[in-house]
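The block underneath contains the structure these notes are about, expressed in structure tokens.
Numbers restart at 1 for each chain; the letters A, B, ... are given by sequence-line order, proteins then strands. The model shown is predicted, which means the values in this text are computed figures rather than measured ones. No hydrogens, no waters, no symmetry mates; every other heavy atom, side chains included, goes into these values.
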Amino acid sequence: MNTVFTNAKAGMAGVDKEHVQKVVYEMSKNSPHFKNEQRKQKQTDERIAKMKQRAHGISQTDLAGLTRSMDAKVAHLETTRDLSRTWLTVDMDAFFAACEELDNPALKTQPMAVGGIGMISTANYVARKYGVRSAMPGFIARELCPQLVFAKPNFSKYTAASRASRVIFADYDAEFSAGSLDEAHLDVTDYCNQHGLSGADVAETIRRRMREEVKLTCSVGVGPNRLLSKVAADMNKPDGQYVVAADLPGIKRFVAALPIRKVPGIGKVAEQTLAAFGVTACQGLLDHKGLLAGLYSPISMDFFLASGLGLGQTQHSEPVADGEVGRKGISCERTFGPISKTGELEAKACELAEKLAEEMADEGLKGKTLTLKLKETTFELRTRAHTSSQFISSVADIRNVALRLLRAEMPIAIRLMGLRMSSFQEIRTLPGQRSLSAFIQPAAAGSATAGTEQPLKQQGAAQDFSIAFQHAVDALPDESEDEEPEDANGAPEPHQSSYSMADDLQAQSGRSEDKWREAPLPQQSDLAAPRIAELPSTDLQQSCTGSVGFGQFAAQKRKRPSGAVTGHKRTGIEAYLRPAA
DNA sequence: ATACATACC
DNA sequence: TACTGGTATGTAT
Ligand SMILES: Nc1ncnc2c1ncn2[C@H]1C[C@H](O)[C@@H](COP(=O)(O)OP(=O)(O)OP(=O)(O)O)O1
Ligand SMILES: [Mg+2]
Ligand SMILES: [Mg+2]
Ligand SMILES: [Mg+2]
């Protein structure tokens, strides 16, 4: 049932997947974590059942209408296609592990993972042969590979290597966008034209320079847009490159048989829900567009169709405007041995408040919304938020709000607590004050971007609006297309030395392996990772549940707001017209 | 504005 | 024995 560790990732060719599945199962069953995974899987199964039911209720007439609507959407998307750009996605091979091998070459021939018995962030390709992977707990990895060597993470190495790699990227695209420490997206069109080179030529050059100057290998994907270059970058890992021809036949050839899971944004859940309707390769997203339109939101459909057509971002995002904070949130969370005593819980909240305040101070951030995250010992998640009337940043203010949110949840037994601040005050840039562009990084995480990559969503209920209606509404002209009113210039901030949540209320009537943390480095990207989601469903609530991740740094950033995608012209959306209701 | 789910590195 | 931490987005309420 758990397909997480055997899917869609480089280095898994030739791995005995059945064996890996069995070991993971044997090591996990009976654990609270496993129970939680089962609970989540049940949710997915129920979701699929509801979608099947909905699909069953779609008449031939409905289907015909939905299909026509999607035909129009496809036709429009097709008009946005721009094959004139050349994009490169560069992604380091087994990045953290490779950095560790740099300082300890003996590790190169041994199976090695970066992390500990609790969690692994990545493994070298020798270890991957045994099924060892990112996000796999170390004790399971050791069961799969008893000789596995564990290396402790050392973020300063990774940031140094990343910085060095970015110096290279800047030579080919001064505005490249960083997808993470180990990945970047480059529009090398101008460079190619100026030097009479192909994308493949530049890819070869970058790979050579990376070997020589950074002493690490990377893989490069080349294509007419960022979606294609990104997917292509994984095709010949490690130390390889792959070119998606910049013509319609070449793109169709590449995309048609591509497993949907390879598309960034389609993960474990979307893969399952789509598979339930026979969609396992990207061509299926186009073949079943009518039916899918009856099951997924307009936003998801835009994303699916763009993916099926091989359309992606063709231009970089707008840089972050002056004074704007380049991020949406900042958070700190820690896992520890189970605790439930009031004193211990409050002590954790205080520590996190201090940590968060410190990180915010490093960037001069002040925010209004504080979200407390609690992971129960059962692995179920709870988040509770409060928005203050004033921007806050001090330890005292953060602690006050955090404690109040926490106290409302007790009693509770948890294994993790986290604090996240969002809704930031814009930073007033003082004359002569240069922001931290220290970390070679151009194009700050902007917002609007031309191109097509879109997101997905989740689940919902809204039975009042038929899906057909939603898709029809989505087809209306986009009114907010020509202006960017959002100026948010500012009213001077009211001052108040100390914030108290009580005032607001009145006014309104372990054990953590914290080895994987890193200094808050400037970072950004515009990686537009979709989040799938089915549509409506007459459904009720969801439970909670976990996410994944490792102690990484900042990475993704901005996403585009809404609407359809577009090559880069982004004219309004034509009216597709409603299908039969 | 709040809560939850999904996704990516 | 043991299952991360950080960031983003989409939807419903
Ligand atoms: N789930 C995770 N949790 C924490 N850190 C992660 C996680 N996944 C990846 N990382 C870190 C470690 C990786 O070396 C680094 C880059 O990720 P990624 O490019 O996906 O894999 P990789 O570089 O290790 O191997 P590959 O050769 O497949 O690219 O980010
Ligand atoms: Mg990588
Ligand atoms: Mg990567
Ligand atoms: Mg994917």
Side-chain angles (χ1 to χ4, degrees), chain A residues 4 24 27-28 31-34 36-37 40 43-44 47 91 95-96 115-122 134-142 153 179-183 264-270 297 299-300 303 327-335 337 359 368-369 371 373 375 379-387 415-416 418 420 422-423 445 454-462 511-518 520 523-537 539-562:
Chain A
V4 175
V24 169
M27 297 290 292
S28 296
S31 71
H33 181 270
F34 184 74
N36 190 246
E37 289 302 306
K40 289 196 291 181
Q43 275 182 187
T44 301
R47 196 143 127 192
D91 188 294
F95 187 53
F96 290 4
I117 206 66
M119 186 50 60
I120 282 171
S121 70
T122 196
S134 286
M136 178 179 278
F139 64 90
I140 290 179
R142 177 172 278 169
S180 67
L181 277 196
D182 97 317
E183 177 178 334
I266 294 182
K268 182 185 176 180
V269 174
S297 72
I299 287 178
S300 292
F303 170 68
R327 61 158 81 221
K328 300 227 143 149
I330 184 168
S331 62
C332 294
E333 66 184 54
R334 288 292 174 267
T335 292
E359 308 246 329
K368 279 188 172 167
T369 303
T371 303
K373 174 175 168 181
K375 186 188 285 178
F379 284 87
E380 287 172 291
L381 290 176
R382 247 193 247 190
T383 60
R384 295 292 181 267
H386 172 78
T387 299
R415 70 188 326 277
L416 169 148
R420 170 187 168 87
S422 53
S423 306
Q454 267 280 149
L456 307 152
K457 57 139 190 205
Q458 233 263 109
Q459 151 131 322
R511 72 161 165 227
S512 84
E513 303 185 54
D514 95 340
K515 341 164 189 176
W516 2 82
R517 257 262 34 163
E518 186 215 15
Q523 175 92 341
Q524 48 17 289
S525 83
D526 59 338
L527 187 41
R531 314 272 158 253
I532 308 272
E534 298 90 68
L535 230 191
S537 167
D539 239 40
L540 358 145
Q541 269 287 52
Q542 290 291 1
S543 315
C544 7
T545 203
S547 54
V548 200
F550 201 55
Q552 191 76 337
F553 3 66
Q556 350 270 55
K557 217 99 286 186
R558 219 60 329 172
K559 206 28 218 172
R560 313 194 321 120
S562 74

**Request:** Nearest whole angstrom, please: distance from the P of C/dG6 to the CZ of A/R420.
**Result:** 11 Å

**Asked** Is a salt bridge present between A/K373 and A/E333, judged by a nitrogen-to-oxygen distance below 4.0 Å?
**Response** yes

**Prompt:** According to a strict under-4.0 Å criterion, is A/S31 in side-chain N/O contact with OP1 or OP2 of C/dC3?
**Reply:** no

**Asked** Where the side chain of A/H33 is defined as all heavy atoms beyond and including C-beta, which of C/dT9, C/dC3, B/dA7 is the nearest nucleotide?
**Response** C/dC3

**Message:** Side chain of A/S28, heavy atoms from C-beta onward: which of C/dT11, C/dC3, C/dA8 has the nearest atom to it?
**Reply:** C/dC3

**Message:** I need the CG-P distance between A/D182 and B/dC8, as an integer number of Å.
**Reply:** 15 Å

**Message:** Whole angstroms only, please: what is the CG-P distance between A/L381 and B/dA3?
**Reply:** 13 Å

**Message:** Checking A/T44 now: which residues fulfil side-chain contact (heavy atoms from CB on, under 4.5 Å) with it, not counting sequence neighbours?
**Reply:** A/Q41, A/I48, A/V269, A/Q272

**Fill in**
Checking B/dT6, B/dT2, C/dG6 against the side chain of A/Q43 (C-beta onward), the nearest is B/dT6

**Prompt:** Any side-chain N or O of A/R334 under 4.0 Å from OP1/OP2 of C/dG6?
**Reply:** yes

**Minimum-distance nucleotide (side-chain atoms of A/I330 versus B/dT2, C/dA8, C/dT7)** = C/dT7

**Request:** Report the residue (A/D91 or A/T44) whose heavy-atom-nearest nucleotide on DNA chain B is the more 5′ of the two.
**Result:** A/T44

**Item:** A/F96 backbone acceptor or donor facing A/T122 side chain under 3.5 Å
**Value:** no

**Request:** Using atom CZ of A/R415 as one end and atom C1' of C/dT1 as the other, report the distance to the nearest whole Å.
**Result:** 12 Å

**Asked** How long is the line joining CZ of A/F303 and P of C/dT9, in whole Å?
**Response** 14 Å

**Out of B/dT2, B/dC9, C/dA8, whichever nucleotide has its closest atom nearest the side chain of A/A385** = B/dT2

**Fill in**
Residues at least two apart in sequence or cross-chain that pass salt bridge (Lys or Arg N to Asp or Glu O under 4.0 Å) with A/R384, listed by chain then number, are A/E409

**Request:** Could you tell me the separation between the NZ atom of A/K268 and the P atom of C/dC3, rounded to a whole number of Å?
**Result:** 17 Å

**Prompt:** Quick one: which of C/dA2, C/dA8, B/dT2 gets closest to the side chain of A/I117?
**Reply:** C/dA2

**Request:** Take the protein atom NZ of A/K373 and the nucleotide atom C1' of C/dA8, then report the distance between them rounded to whole Å.
**Result:** 13 Å

**Item:** Residue-phosphate contact under 4.0 Å: A/T387 side-chain N/O, B/dT2 OP1/OP2
**Value:** yes

**Request:** Please test A/S31 against A/S28 for side chain to side chain donor-acceptor pair (under 3.5 Å), starting from the C-alpha separation and ending with a verdict.
**Result:** CA-CA 6 Å; A/S31 71; A/S28 296; 5.1 Å; no

**Message:** Check this one for me: any side-chain N or O of A/S331 less than 4.0 Å away from OP1 or OP2 of C/dT7?
**Reply:** yes

**Asked** Can you check whether A/N36 reaches A/E380 side chain to side chain, under 4.5 Å on heavy atoms?
**Response** yes

**Request:** Quickly work out the A/I140 CD1 to C/dA2 C1' distance and round it to whole Å.
**Result:** 9 Å

**Fill in**
Out of B/dT2, B/dA7, C/dT9, minimum distance to the side chain of A/K328 belongs to C/dT9

**Prompt:** Of the nucleotides C/dC3, C/dT11, C/dT7, which has the atom closest to the A/S297 side chain?
**Reply:** C/dT11

**Message:** Starting the side chain at C-beta, find the nucleotide from C/dC3, C/dG6, B/dA7 nearest to A/V269.
**Reply:** B/dA7

